[in-house]
There are 2 protein chains.
Amino acid sequence: MPTIKEVSELARVSQATVSRVMNGSDRVTESTRKRVMEAMKALGYRPNSAAQSLASNRSNSIGMVVSQLDGPFYGPMMAGVEDTLRQAHKHLIIAAGHGEAAAEEEAIEFLINRQVDGLILLVERLDADYLLPLNERVPTFLINHHIKGLRNQSVWIDNLNGGYQATRYLIEQGHSRIACITGQIWKQDAIDRLEGYKKAMNEAGLPIDDNWIVNSYFEVPGGIEAFDTLQARRVACTAVFATNDELAFGVMEAASEAGIVVPDDLSVIGFDDVLTATYVKPKLTTMHFPMFDMASSAARMALQWIYQKRPPAELAFQPTLVERQSVKPLTPSPSGRSDALAEQLLLSPKHPEK
Amino acid sequence: MPTIKEVSELARVSQATVSRVMNGSDRVTESTRKRVMEAMKALGYRPNSAAQSLASNRSNSIGMVVSQLDGPFYGPMMAGVEDTLRQAHKHLIIAAGHGEAAAEEEAIEFLINRQVDGLILLVERLDADYLLPLNERVPTFLINHHIKGLRNQSVWIDNLNGGYQATRYLIEQGHSRIACITGQIWKQDAIDRLEGYKKAMNEAGLPIDDNWIVNSYFEVPGGIEAFDTLQARRVACTAVFATNDELAFGVMEAASEAGIVVPDDLSVIGFDDVLTATYVKPKLTTMHFPMFDMASSAARMALQWIYQKRPPAELAFQPTLVERQSVKPLTPSPSGRSDALAEQLLLSPKHPEK
DNA sequence: CTGAAAGCGCTAACAG
DNA sequence: CTGTTAGCGCTTTCAG
């Protein structure tokens, strides 16, 4: 690997000059710049980024921590950040936080040791006590995480409004017996989406019954269990707001096992609009969560602040309804069709064919 | 950020000694080691990895390039590598290659500049002319990519046998009219899986008709188009081997639109066993591709070679059949049920309800 | 077992 | 506009 020294010798200039042409900036004669460029090309020169970082205390790369490297949620987020960073010729270093505070902190320390110029975090476990001092060390941007004092470096989605819209949509479709299944109730997303549900129900003058709300966890089995819980509680709902798509898939699966047809017997709305939402049958009606855009916005904000000192400002996204096939209008019928449905849900044996 | 100097002063030793305790190895008195450790803790010392890399020409991190950061295929691969690396206290730096030769090379150069100690590549565009010299610069390991001369640093899956098994299974279930849908035919995976199909058909004495093979691309729309092509060609098949799950999803979707019921009217088998395969209805019968395991094996192999000089050896995985719900035995009936099915497939109008 | 000293490859004032 | 001169923080001989 050739070094700057060799380049400088070949080009008959000082190392400083080579450094200058590398960093584009400074005033260098066109002729010497050309000579240097040629020398670099001739040697196949590649700057050693460790040396650059060490000397400049800057690395032209930003670190990102996500809970997992797979999964339909984090993938687009990583892709969104990578995409805008690449266009800006900055690099991305990703570390997994595994959803645990210790691992998340470790990942962050790793990235800092790596001299990242900034941090984009998609974490759930870290609080202000950790994050605020961290931000003093290295500019830190948050996706989907509220920390007072870091508002301006956050990109978030309006989960409350999303929950409200989803529920409102169900109501507009004629439903009034609407159950809600939440994710881990310590997660802010879960809390906010539930809040939105309550708001919509209240606003419509519909009762909120704790029996109709089941606290589960954001995974397919969580949806299955929640559905079973609903049945066990003899909840006669005609629609359910699953606070994320995985839950919705679980509900659809369990319903199907129980001989309940979605959307004819039961309407289901999800949240997130994960890729798979279009693969299931019926295709899932859900609230679109603009993961890629949010992530790239966060990256843009970070870039502007870190490399151009343009002060960041809080950025909020709104989830938008995507109508597909899992919600059906409840058409009132003379005999009270909604009750018929309720009956069916109540009385159907669990997993009759299995 | 405290430096090694401050630690050495606090501990009243030389920097060299601090370095020694950091790197575990050398002979250091237990007492001084303790003193140093305490000093490090007291100061909250964190080694600067850029400096370490620069001085040692080693970074304790390995680089990985994948085509995309999202998607059901690359996610588990990244997770597998990250998992075993983390356990070995090595770090992972991921870069996206976007499936283009130029970007893949750029990603690799980036990682090398980053002083990665080794490379794990999940690429499709790079050939031996590039890869072999690369391996001289930094140990390079390949996932799912055959390069003569790099065999021993490769982990791959037996796609041919997978295609064979999948087709064979269909045949065992009584099917004989079996279509095959391939991915981009320049991809080795596509070629091999098709080869497996042909082998099984031949072995069973079944005819191979080019009309029954449609070259498509590994995405859901690819499956839809392929299904339409099959119909346009009036191919009267009772089963289709889709050479990856996305294709299978597309087929299922198109079939459903056409009023054809999977698996009653048409059996479908996929390949990869992507997470979503369990979400669709009916759940997809497919060949399991052990992505996570393959990736972690590749990582293990890389670690052993790079840090312990244990010579690597080619590692092959076998895909395994996962029976779910999308394949149904073809029970011969007096009136020739398979013909009835064929008729239905032939005659059904395209997307009748849409 | 420990310290001194010489860089690793690059950047960043400071002169000129 | 370009060269000189110091380091950045750590590792690594080489002595002792």
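Order of the sequence lines fixes the chain letters, A, B, ..., with proteins taken first and strands second; residue numbering starts at 1 for each chain.
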field: Presence of salt bridge, A:Glu109 and A:Arg137, under 4.0 angstrom
entry: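 Salt bridge: yes.
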Write down the distance between [atom1] ([X]) and [atom2] ([N]), rounded to a whole number of angstrom.
X	N	atom1	atom2	result
B:Met40	D:dC10	CE	C1'	14 Å
A:Leu54	D:dA6	CG	P	18 Å
A:Gln115	C:dT11	CD	P	14 Å
A:Leu43	C:dG9	CG	P	13 Å
B:Met22	D:dG9	CE	P	13 Å

Taking the side chain of [X] as its heavy atoms from C-beta onward, which of [options] lies nearest to it?
X	options	result
A:Asn48	C:dG7, D:dT4, C:dG9	C:dG9
A:Arg20	C:dA13, C:dC8, C:dA12	C:dA13
A:Gln15	D:dT12, D:dG9, C:dT11	C:dT11
A:Gln52	D:dT4, D:dG9, C:dC10	C:dC10
B:Arg58	D:dT12, C:dC10, D:dG9	D:dT12
A:Thr3	D:dC10, D:dC14, C:dG9	C:dG9
B:Ala16	D:dC10, C:dA13, C:dG3	C:dG3

message: Can a donor-acceptor pair be found, under 3.5 Å and without considering hydrogens, that links the side chain of B:Ser297 to the backbone of B:Asp293?
response: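 Such a contact is found between B:Ser297 side chain and B:Asp293 backbone.
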N or O in side chain of [X] less than 4.0 angstrom from [N] OP1/OP2:
X	N	result
A:Ser56	D:dC8	no
A:Asn57	C:dT11	no
B:Thr17	C:dG3	yes
A:Ser19	C:dA12	no

message: Given the ring of B:Phe218, does B:Lys187 sit roughly above its face, with NZ or CZ under 6.0 Å from the centre of the six-membered ring and within 45° of the axis?
response: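 Pair B:Lys187/B:Phe218 does not count as cation-pi.
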message: Counting the atoms with a prime plus P, OP1 and OP2 as sugar-phosphate, which does A:Ser49 contact under 4.0 Å by heavy atoms, base, sugar-phosphate, or nothing?
response: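 If one applies the 4.0 Å heavy-atom cut-off, A:Ser49 turns out to touch nothing in the nucleic acid.
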- request: Indicate, with a heavy-atom threshold strictly under 4.0 Å, whether B:Val13 touches base, sugar-phosphate, or nothing.
  value: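 Since only primed, P, OP1 and OP2 atoms lie under 4.0 Å of B:Val13, the category is sugar-phosphate.
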query: Are B:Trp156 and B:His146 close enough that their ring centres sit under 6.0 Å apart?
result: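 Yes, the ring centres sit under 6.0 Å apart.
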- prompt: Between A:Phe73 and A:Phe289, is the ring centre distance below 6.0 Å?
  reply: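 Yes, ring centres under 6.0 Å apart.
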query: With a 3.5 Å cut-off and just heavy-atom distances, do the side chain of B:Arg46 and the base of D:dG9 make a donor-acceptor pair?
result: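 Check fails, no donor-acceptor contact within cut-off.
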task: For A:Lys5 and for B:Arg35, find the nucleotide of DNA chain C with the closest heavy atom, then tell me which residue's nucleotide is more 5'.
output: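 Upstream on the strand: B:Arg35.
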Which residue lies more 5' along DNA chain C, comparing B:Ala51 with B:Ser14 via nearest heavy atoms: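 The 5'-side residue here is B:Ser14.
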